[in-house]
Asker: 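First the structure, then my questions, so here it is.
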There are 2 protein chains.
Amino acid sequence: MAYRETPAVRMRLDAARERLVTEATAVVAEVGWAGASVGAVAAAAGMSAGSVYQHFASKTALAVEVFRRAAGREVEVLGAVLRDGAGDAVARLACGVEVFARRAFERRGLAYALLAAPADEAVCAERLEFRRRYRALFAEVVREGTAAGLLPPQDPEVTAAALTGAVGEVLVDPLAVPSGDAAAEALLAELTAMALRCAGAGTVKGTARPGGNDDR
Amino acid sequence: MAYRETPAVRMRLDAARERLVTEATAVVAEVGWAGASVGAVAAAAGMSAGSVYQHFASKTALAVEVFRRAAGREVEVLGAVLRDGAGDAVARLACGVEVFARRAFERRGLAYALLAAPADEAVCAERLEFRRRYRALFAEVVREGTAAGLLPPQDPEVTAAALTGAVGEVLVDPLAVPSGDAAAEALLAELTAMALRCAGAGTVKGTARPGGNDDR
DNA sequence: ACAAGAAGTGAACCACGGTTCAGACCTTGC
DNA sequence: GCAAGGTCTGAACCGTGGTTCACTTCTTGT
């Protein structure tokens with residue numbers, strides 16, 4: 001034999017694959033899953049349509065990878081706040097919802113693609129899977145909150161699903177139509193307040209401070 | 001001329017169109033939007049693929065009609081409970097959520113298709129529109145609740161969106177995997193309790209009865 | 001009964017976009 | 001420089017499923 005893969009080649013290959021995923025993510029954020037054809041994505045990454053298949057077995061596989069990368073980042077960030085953040089369970093819940101929403105606003109196109117944009121079967125399945133992960137994170141913090149007496153008795157799984165759906169639904173419309181920063185901030189405040197109500201923060205009889213209420 | 005549309009013909013035509021919509025709905029409930037090809041739907045309605053185009057300009061138009069009919073019924077039922085039902089705003093909200101969820105469980109396949117199943121652009125757009133209607137109904141009852149002092153101050157639109165998303169998300173998984181009646185009833189109870197918390201029922205300081213709490 | 005014209009059929013048509021592949025071009029070890 | 005074996009290209013291929021259309025079958029007024 002007279003040819004063997006050299007580190008330099010491996011690196012070029014990996015870089016190309018990386019660029020493909022990155023550019024595909026950008027295209028999806030821009031035009032949605034439906035508009036992200038193999039040709040368009042390849043062009044964005046500066047390669048031919050055929051070369052895409054050097055890195056991924058199918059367009060679906062690429063789409064799934066794009067989704068996993070982007071959604072995985074969000075799961076990680078949310079987990080970091082909810083699980084390893086500072087403060088009690090209620091404080092971390094509020095912080096988690098706010099961080100999640102804030103990040104969504106910073107990358108509207110991508111957030112919309114991840115949350116709501118029409119997608120094919122495989123991506124929808126992935127969406128379901130990641131929603132399950134969001135739910136698991138929320139459920140954990142709710143469970144901790146009830147155990148600590150900060151939240152009233154409830155099924156943490158139901159509340160977690162509700163939080164996931166509620167946050168997503170509240171964000172979908174604002175993400176679709178651009179709005180001002182002030183409006184976004186107001187929305188964030190309302191959203192976190194809603195999330196706390198949803199979990200029942202501030203309604204536990206023994207712990208509730210007599211005159212204190214959660215509105216500012 | 002020697003042929004003119006007679007009432008009998010009109011009636012047959014209308015009946016055929018009706019049967020088409022009905023059967024298409026059944027097919028969609030069974031196999032989802034993706035599996036509901038023109039051929040399959042036509043066969044279910046006892047007509048040829050070509051005849052579908054006698055009644056609808058395109059497959060998309062038929063899909064939209066199917067969605068509107070089914071979703072429209074739900075909007076009407078929810079509106080009847082939330083707007084014209086008995087009891088105060090909080091009672092009607094609880095009742096509305098429960099009725100909505102109960103109806104979803106009675107027609108799982110259809111409910112799943114309306115709420116979450118992968119669908120093409122046009123149907124997704126329709127979904128967005130109907131979610132807006134659900135939101136409007138919830139927002140109205142929340143607004144009434146805050147005005148009556150039953151609910152704390154809040155942005156009714158945000159809470160309404162949250163309720164819509166929360167109910168949908170909580171239902172998606174249970175709708176996909178069949179479960180027992182007992183589990184379904186328990187879920188309903190948790191779901192309505194969560195909805196009331198989400199709107200802040202029972203947290204208003206002046207009105208709250210000292211010892212009373214909303215857990216049973 | 002018959003002509004006019006609509007409803008109904010289903011096989012052929014076609015657009016679309018993912019996928020393939022024969023050839024061009026590179027990289028490597030000798 | 002050269003052979004071996006890789007990467008890269010983009011035009012051609014192809015499966016899918018919505019849509020069309022020539023034709024058949026019915027319905028209606030005379």
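Remember, predicted model here, so these are calculated numbers, not experimental data. Convention: sequence-line order gives letters A, B, ...; per-chain numbering from 1. What's counted below: heavy atoms across the whole structure, side chains too, no hydrogens, waters or symmetry copies.
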Asker: Say whether B:R17 and B:Q54, considering side chains only, have a donor N or O and an acceptor N or O under 3.5 Å apart.
Answerer: no

Asker: Applying a 4.0 Å non-hydrogen cut-off, can you work out what A:S58 is touching in the nucleic acid: base, sugar-phosphate, or nothing?
Answerer: sugar-phosphate

Asker: Please write out the pairs of protein N or O atoms and N or O atoms of nucleotides 13-17 of chain C separated by less than 3.5 Å, giving the distance to one decimal.
Answerer:
none

Asker: Tell me which of B:A57 and A:E5 sits closer to the 5' end of DNA chain D, going by the nucleotide each one is nearest to.
Answerer: A:E5

Asker: Are B:R10 and B:D14 ion-paired here, with the side-chain N under 4.0 Å from a carboxylate O?
Answerer: yes

Asker: So does B:S48 get a side-chain nitrogen or oxygen closer than 4.0 Å to the phosphate oxygens (OP1/OP2) of C:dT9?
Answerer: yes

Asker: Could you tell me the separation between the CZ atom of B:F56 and the P atom of D:dT20, rounded to a whole number of Å?
Answerer: 16 Å

Asker: Looking at A:T192, is its backbone amide N or carbonyl O close enough to the side chain of A:E98 to form a donor-acceptor pair, meaning the two atoms are under 3.5 Å apart?
Answerer: no

Asker: Sub-3.5 Å donor-acceptor pair from the side chain of B:R108 to the main-chain atoms of B:P174, do we have one?
Answerer: yes

Asker: Which nucleotide, D:dT7, D:dT28, C:dG8, lies nearest any side-chain atom of B:L13?
Answerer: C:dG8

Asker: Taking the side chain of A:S51 as its heavy atoms from C-beta onward, which of C:dT9, D:dT20, D:dC8 lies nearest to it?
Answerer: D:dC8

Asker: Is there a residue in residues 118-125 of chain A whose heavy atoms reach under 4.0 Å of DNA chain C, and which residues are they?
Answerer: none

Asker: Salt bridge or not between B:E140 and B:R92? Use side-chain N to carboxylate O under 4.0 Å.
Answerer: no

Asker: Do A:R69 and A:E65 meet the salt-bridge criterion of a basic N to acidic O distance under 4.0 Å?
Answerer: yes

Asker: Between B:R10 and B:G50, which is nearer to the 5' end of DNA chain C once each is assigned its nearest nucleotide?
Answerer: B:R10

Asker: I'd like to know if the side chain of A:R135 and the backbone of A:A160 have a donor-acceptor N/O pair within less than 3.5 Å.
Answerer: no

Asker: B:Q54 CD to D:dC21 P: how many Å, rounded?
Answerer: 15 Å

Asker: Starting at atom NE2 of B:H55, determine the distance to atom C1' of C:dA7, rounded to an integer number of angstrom.
Answerer: 9 Å

Asker: In whole Å, I'd like the distance from the CG atom of B:L62 to the P atom of D:dG17.
Answerer: 17 Å

Asker: By nearest nucleotide on DNA chain D, pick out whichever of B:R12 and B:T60 is the more 5' one.
Answerer: B:T60

Asker: Between B:E157 and B:R143, is there a salt bridge with N-O shorter than 4.0 Å?
Answerer: yes

Asker: Output yes when at least one side-chain N/O atom of A:Y3 is less than 4.0 Å from OP1 or OP2 of C:dT27, else no.
Answerer: no

Asker: Report the C-alpha separation of A:T159 and A:F138 in whole Å, then their side-chain angles, then the decisive distance to 0.1 Å, and conclude whether the side-chain contact (heavy atoms from CB on, under 4.5 Å) test is met.
Answerer: CA-CA 8 Å; A:T159 302; A:F138 279 128; over 6 Å; no

Asker: Starting from P on D:dT24, measure out to CE on B:M47 and report it in whole angstrom.
Answerer: 22 Å

Asker: Look at B:R133 together with B:E129 and state whether they make a salt bridge at an N to O cut-off of under 4.0 Å.
Answerer: yes

Asker: Would you kindly give the CE-to-P distance between B:M11 and C:dA7, to the nearest whole Å?
Answerer: 15 Å

Asker: C:dG8, D:dT7, C:dT19: which one has an atom nearest the side-chain heavy atoms of A:Y53?
Answerer: C:dT19

Asker: When you check the gap from the basic side-chain N to the acidic O, do A:R132 and B:D173 get nearer than 4.0 Å?
Answerer: yes

Asker: Please list, for nucleotides 12-15 of chain D, all pairs of protein and nucleotide N/O atoms separated by less than 3.5 Å.
Answerer:
none

Asker: Is the side chain of A:Q154 donor-acceptor paired with the backbone N or O of A:A199 at a distance under 3.5 Å, no angle test?
Answerer: yes

